[in-house]
Amino acid sequence: MTTFIWVAVVVVAVVALAAVGYLVLQQQRRGHLRERFGPEYERTVAEHDNRRDAEQELLDRERRHSELDIHPLTDESRDTYANRWTEVQERFVDAPGFAVTEADQLVTAVMAERGYPTEDFGERLSTLSVGHAATLDHYRTAHEISGRAARKEASTEDLRQAMVHYRALFEELLHETSRGR
């Protein structure tokens, strides 16, 4: 009977240690994801039925991102894009809607040259969320305003805000030098 009790105690202890280990790993993973994705973590959790599915999606984003060949711009490309951005901003005075469309295209061009996928807006958001979570809301807002502008539903102030939002991501993409941001 004593042997049975000892076996039961050991089994309970092993199960308890495994459970504690599992919880610690979950908390570490959650902390990593919160740090990496910032506000995008909470947005993704809110969009899913449960936290586990949301965290799995974020882990999948990290995996897909790690498979990409994302690289910094050359100094020459960086200067060319910076000059193009200045031209777009100057055109805003006379043609704000056109300038916002150009800003969107310029951000997409920088993303493409850096190695980001650019085919689909949702995929762009997903990929950018891994290294640019802090400016992702800027991009979402700019894109939303750009869509309203295409339907002639955006004021000049809205278009100005779109430019400000596009610039936040543009600057970050332009000056980023390391892959693991």
Side-chain angles (χ1 to χ4, degrees), residues 17-73 78 81 85 100-151 153-155 157-181:
L17 284 174
V20 168
Y22 176 77
L23 291 174
V24 167
L25 286 175
Q26 291 289 62
Q27 289 300 336
Q28 287 176 338
R29 179 177 81 167
R30 185 164 293 147
H32 161 76
L33 291 173
R34 279 189 168 143
E35 182 179 326
R36 178 90 188 236
F37 289 94
E40 185 66 11
Y41 175 88
E42 296 303 330
R43 174 188 293 276
T44 304
V45 168
E47 291 173 352
H48 284 76
D49 292 334
N50 63 61
R51 186 175 302 274
R52 180 182 216 162
D53 289 347
E55 289 177 349
Q56 187 57 54
E57 178 184 321
L58 294 172
L59 290 169
D60 290 344
R61 289 182 193 183
E62 280 186 320
R63 180 191 47 75
R64 287 190 309 269
H65 185 271
S66 71
E67 294 169 354
L68 297 172
D69 180 24
I70 297 174
H71 50 274
L73 296 171
R78 189 176 299 109
Y81 284 121
W85 183 264
V100 167
T101 300
E102 282 187 297
D104 180 61
Q105 292 169 348
L106 193 55
V107 166
T108 303
V110 171
M111 289 176 61
E113 187 169 333
R114 299 252 349 260
Y116 288 94
T118 58
E119 303 79 38
D120 173 74
F121 182 70
E123 182 63 25
R124 281 181 275 179
L125 285 176
S126 176
T127 305
L128 286 170
S129 71
V130 178
H132 301 278
T135 54
L136 201 56
D137 279 339
H138 286 289
Y139 190 41
R140 274 191 182 96
T141 302
H143 185 77
E144 184 271 326
I145 294 170
S146 184
R148 285 190 293 134
R151 297 184 306 274
E153 298 172 356
S155 68
E157 176 57 22
D158 292 336
L159 297 172
R160 187 188 72 74
Q161 285 297 316
M163 291 295 290
V164 169
H165 290 300
Y166 275 128
R167 184 176 58 223
L169 179 59
F170 177 79
E171 289 291 327
E172 193 169 296
L173 289 168
L174 198 66
H175 298 293
E176 181 182 47
T177 57
S178 66
R179 177 184 163 99
R181 281 185 63 144

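As the structure is a computational prediction, the values presented were derived from the model and not from experiment. Just so you know, residue 1 is the first one in the sequence shown, and it goes up from there.
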Check: [Y] and [X] side chains under 4.5 Å, non-hydrogen atoms:
X      : Y      : result
Val110 : Glu113 : no
Arg29  : Leu25  : no
Met111 : His132 : no
Leu125 : Glu40  : no
Leu173 : Leu128 : yes
Arg36  : Tyr41  : no

Check: [X] side chain, [Y] main-chain N or O, donor-acceptor pair, under 3.5 Å:
X      : Y      : value
Asp60  : Glu57  : no
Arg114 : Ile70  : no
Arg61  : Val130 : no
Thr141 : Asp137 : yes

Shortest non-hydrogen separation from [X] to [Y] and the atoms involved:
X      : Y      : answer
Ala133 : Ser129 : CB-O, 3.5 Å
Asp158 : Ile145 : O-CG2, 3.4 Å
Phe37  : Leu58  : CZ-O, 3.6 Å
Pro117 : Glu123 : CG-CG, 3.9 Å
Arg151 : Gly147 : NH1-O, 3.1 Å
Arg64  : Ser126 : NH2-OG, 3.0 Å

- Donor on one side chain, acceptor on other, Thr101 and Asp104, under 3.5 Å: no

- Item | Residues Glu144 and His165: side-chain donor-acceptor under 3.5 angstrom | no

Spacing of [atom1] belonging to [X] relative to [atom2] belonging to [Y], to within rounding of 0.5 Å:
X      : Y      : atom1 : atom2 : value
Leu59  : Leu33  : CG    : CG    : 5.0 Å
Glu172 : Leu136 : CD    : CG    : 10.0 Å
Gln105 : Tyr166 : CD    : OH    : 9.5 Å

In terms of heavy-atom contacts, does [atom1] of [X] have more than 12 from other residues, nucleotides or ligands at under 6.0 Å?
X      : atom1 : answer
Arg51  : CZ    : yes
Asn50  : CG    : yes
Glu157 : CD    : yes

- Query: Arg124 and Thr108: side-chain contact (heavy atoms from CB on, under 4.5 Å), yes or no, with the steps?
  - Reply: CA-CA 9 Å; Arg124 281 181 275 179; Thr108 303; 3.1 Å; yes

- Mutual orientation of the aromatic rings belonging to Tyr139 and Phe121 [parallel < 30°, tilted 30-60°, perpendicular > 60°]: tilted

- Evaluate salt bridge (charged side-chain N to carboxylate O under 4.0 Å, His left out) for Arg52 paired with Glu55, printing each intermediate quantity in order. CA-CA 5 Å; Arg52 180 182 216 162; Glu55 289 177 349; over 6 Å; no

